[in-house]
Structure formats: C-alpha cells, structure tokens
**Q** 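Attaching a single structure in structure tokens format; questions to follow.
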Amino acid sequence: HAPAPALGLYLGLGPLGLAFPAWALAMRRGDPQKIAALSYLTPLIATGGLLLLGRESFRWTAGLGLFLILAGCLLGSSGSPGKAGGKEGP
C-alpha cells in the first residue's frame with residue numbers, strides 16, 4: 001500500500017484536482033440542470049468499470065442503485081416540480 005501522504009498527493013493532483021476545474025467549466029458553458037443530473041452517473045461509471053475489470057461482482061444492490069440513480073436523473077432532467085414539462089408559465 002502507498003503511504004498516506006503519497007496517496008493524498010495523488011488524489012489531490014490527479015482525479016480530484018482535475019474534477020473541480022472541469023466542473024466549473026461545465027457549469028459555465030452548459031445547462032446546470034443537465035450537468036447536475038449527469039454528475040449522478042459517476043457511481044454508475046465507476047461500478048461499470050469495476051465490473052468490466054473483474055474487480056467486483058454484480059449484486060442486487062448494484063442493480064437497485066442503478067435503477068434509483070437513473071430514475072433520479074430522469075426526474076431531475078424533466079423540469080422543476082410543479083411545472084408541467086419543465087416549461088415556464090405565462
């Protein structure tokens with residue numbers, strides 16, 4: 001195992017260090033509602049990668065999580081609550 005300071009440095013400069021500027025750029029240039037919904041796909045992508053690499057086996061809890069995350073993304077991208085079809089009123 002890597003020593004804790006080296007692991008912290010790797011995480012700070014690597015995945016997390018790149019994630020924050022990427023998030024800021026996406027929020028400036030894209031639709032914040034869609035970007036927020038897409039951010040919830042991160043656990044699905046990570047789990048899919050682990051399954052493909054053979055590091056994890058598929059369990060019912062992963063299936064349930066997949067369903068809940070996708071349902072939340074669909075609900076979040078459909079518009080604001082109380083507004084039909086996500087459209088503004090007159």
Side-chain angles (χ1 to χ4, degrees):
H1 295 316
L7 183 59
L9 186 62
Y10 163 74
L11 289 174
L13 294 176
L16 293 176
L18 295 174
F20 290 110
W23 177 263
L25 181 66
M27 292 300 283
R28 268 191 307 229
R29 294 188 177 183
D31 178 11
Q33 186 178 10
K34 288 182 181 177
I35 293 166
L38 287 173
S39 71
Y40 287 99
L41 295 178
T42 303
L44 298 179
I45 295 167
T47 303
L50 290 172
L51 290 170
L52 288 175
L53 292 172
R55 302 279 186 171
E56 187 64 48
S57 59
F58 190 79
R59 297 187 182 113
W60 71 269
T61 53
L64 177 62
L66 169 71
F67 171 76
L68 292 173
I69 291 170
L70 290 177
C73 287
L74 289 173
L75 286 172
S77 64
S78 66
S80 300
K83 295 188 179 175
K87 299 188 184 218
E88 295 293 326

**Q** Which atom names give the shortest non-hydrogen contact between G30 and P32, and what distance separates them?
**A** O-CD, 3.2 Å
**Q** Provide the full list of salt bridge (charged side-chain N to carboxylate O under 4.0 Å, His left out) pairs with a residue in residues 45-55, sequence neighbours left out, each pair given once.
**A** none
**Q** Each residue besides M27 in its hydrophobic cluster should be listed here, by chain and number; the cluster joins Ile, Leu, Val, Met, Phe, Trp and Tyr at side-chain heavy-atom distances under 4.5 Å.
**A** W23, I35
**Q** Does F58 sit in a hydrophobic cluster with other residues, and if so which ones, taking ILVMFWY side chains as linked at heavy-atom separations under 4.5 Å, directly or through other members?
**A** L51
**Q** Test: salt bridge (charged side-chain N to carboxylate O under 4.0 Å, His left out). Region: residues 3-23. Which pairs qualify, not counting sequence neighbours?
**A** none
**Q** Are W60 and L68 joined in one hydrophobic group, where the rule is that I, L, V, M, F, W and Y side chains link up if heavy atoms are under 4.5 Å apart?
**A** yes
**Q** Residues in side chain to side chain contact (heavy atoms under 4.5 Å, CB included) with L18, at least two apart?
**A** none
**Q** Which residues pass the side chain to side chain contact (heavy atoms under 4.5 Å, CB included) test with L44, not counting sequence neighbours?
**A** L41, L66, I69, L70
**Q** For R59, what residues pass the side-chain hydrogen bond (donor to acceptor under 3.5 Å, both in side chains) criterion, not counting sequence neighbours?
**A** E56
**Q** For L25, which fellow cluster members are found when Ile, Leu, Val, Met, Phe, Trp and Tyr are connected by side-chain heavy-atom distances below 4.5 angstrom, either directly or through intermediates?
**A** none
